[in-house]
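Have a look at the structure below, then the notes.
Both backbone and side-chain heavy atoms feed into the values below; hydrogens, waters and symmetry mates do not.
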Amino acid sequence: MAVPVSQAFTVMSYVLKQKLKGRKRYPLVLMLEPLFRCNLACAGCGKIQYPAHILKAELTPEQCWAAAEECGTPMVSIPGGEPLLHPQMPEIVAGLVARKKYVYMCTNALLLKEKLHLFKPSKYLSFSVHLDGEKEHHDFGVCREGGHDIAMEGIRAAVAAGFRVTTNTTLFDGADPNSVRRHFDQIMEAGVESMMLSPGYTYDKAPDQQHFLGKAKSRRMFRAILSNRKKSWEFNTHPLFSEFLMGKQDFECTPWGMPTYSIFGWQKPCYLLQDGYADTFQELLDATEWENYGAKSGNPRCANCMVHSGHEASAVDYNFSSLKGFIQTAKRYMFKPTYDDADAMKLLNEWPKTSHGPLVQIDNAASTNVVVKTTVQESSAVSGD
Amino acid sequence: MATDQQEHLKIEQLQHQSQDEIEVIAGRERENLEGWIPALASEAEVRDALEKAFDYRGDVTITRKDGSVVEGYLYDRHSASTLETSVVRIIPTPAKGATTTATQRVMVPYSEIAALNFSGRDTAAGKTFEAWVKKYWEKKAAGEKNIQIEPEKLD
Ligand code: SF4
């Protein structure tokens, strides 16, 4: 099971309550950014470019808890910056856990091993470790040699200490689906609970402006990665969001689904775009011109976005909006389809072996393709919905 | 912020091509705004300059019409129908040695702004990926290990 039953039940009853109340716009996960500073400087990240006094600033524990209560979501994700650089992070997390929030603390894990003793294992707490792929790919993505090894050490230490650990992988153009699949094997072997996968967003503040995936390529890549999947792989993304990435579902963005709170306030409209700030969550809901966002709005900044923070909530909402959506989702959870797909396998086996730029020379000799013989066509478990 | 020309080209591209068919999306070139002192001669110029200041990832300096100066990170703006009702929100740059909590905020109506200077360093500029790759190979050739892009020192 990708998440504990209690968490699945809590989320389900929360969403049903919102539906019964007739709320048109309800949040699902609070993205709490208590600070922007980081101990990495990844080329694809557009989050950390601020003057020093902004990077030094941080939310207090009280501000974090107030935001969680104001927003009311059952899940709180703590990205950043690097949350483990916040000196009061253990206190912040403990306060959220005491409020029975399911916390995903996103970390690059460089400090995880040494700070682990400051946290207490709980079904409410999961360390969501940012890992961009196998060693060379991750080190390349985060612009730091040796980053992967340290993160894996952190993961192993956290698993051994009884913590829930998940991973979060962001892919850019040049990613190798075969390598991503091997990465999944390594992650599951290390004992993580489940994995999350997303295409990178085209931040115009990111240093690397050359490796953003277009939608066509994203879908092809995710189809190659996520089809013919192994039963041992556990994902903590909604199954219909995973199908959206593979091009099997079409969802519009739900920008209010994962609202972001930081030292600036409630960010309009979403985790990725900064079009202004509201002082209260209600003001965010009321004052944002939501019709200006999402691919169909024609907003060029949304045109290429397939990111989970905008689209996973759409999958969840769809799941609870119609009997068809509910049945589709229930089937995915019950039968855990492997999406057997001969064309996707061909795609995988013929994927060009290009390394992402001249930084790392990925050892192709050691990276033979995953050849799995399959005669199965599109999965019957997902057709006929 | 992308230039107006880039925004225009992007919109043109999307009008003629389905976003679902785009293979690799182009990034944006940044405007070089560091050190810029806009003229603020017309209402349109005031609004445009403050929009750019909002998107700018460095501190700015605003001189009010009464001569007082506020320097800091302009993190929000509210553009309303008149300059009197439009405001920018700023987190002031702390004095040297002072601790920063970012709790202090300053609001300045557009109508009170006499001058604007993009005075702080643009923290999103000048760190191209290509420059990093070049540096990486230089360090590698020099036998260095554990090469990385160091996050900036904050003190
Ligand atoms: S499409 Fe992406 S960038 Fe646009 S509002 Fe939605 S999540 Fe934000």
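Heavy atoms only, all atoms of each residue included: B/Thr123 and A/Gln49 are closest at OG1-C, 3.0 Å. Taking both residues in full, the closest heavy atoms of A/Lys56 and B/Leu154 are given as CE-O, 3.0 Å, listed atom of the first, atom of the second, then distance. Smallest separation of non-hydrogen atoms from B/Gln148 and A/Asn39: OE1-O, 4.4 Å. For the pair A/Leu40 and B/Pro151, the tightest heavy-atom approach, listed with the atom from each and the gap, is N-CG, 3.7 Å.
Of the inter-residue distances, the one linking B/Asn146 atom CG with A/Asp139 atom CG reads 9.0 Å to the nearest 0.5 angstrom.
Looking at A/Ala295, both its backbone and its side chain come within 4.5 Å of chain B, counting heavy atoms on both sides. Using a 4.5 Å cut-off between heavy atoms, B/Arg57 contacts chain A through both its backbone and its side chain. With a 4.5 angstrom heavy-atom cutoff, B/Tyr56 does not touch chain A via any of its atoms.
Counting heavy-atom neighbours within 6.0 Å of B/Lys65 NZ, excluding the residue itself, gives a total above 12. Atom CD of A/Glu291 sits in a crowded spot, with more than 12 heavy atoms from other residues, nucleotides or ligands closer than 6.0 Å.
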Side-chain polar contacts of residues 108-116 of chain B - donor-acceptor pairs under 3.5 angstrom, sequence neighbours left out - could you list them?
none

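Using a 30° and 60° split on the angle between ring planes, A/Tyr50 and B/Tyr73 fall in the perpendicular class, above 60°.
Between A/Asp279 and B/Arg89, some side-chain heavy-atom pair lies under the 4.5 Å cut-off.
For residues 268-275 of chain A, the interface with chain B (any heavy-atom pair closer than 4.5 Å) comprises A/Gln274, A/Asp275, sorted by residue number.
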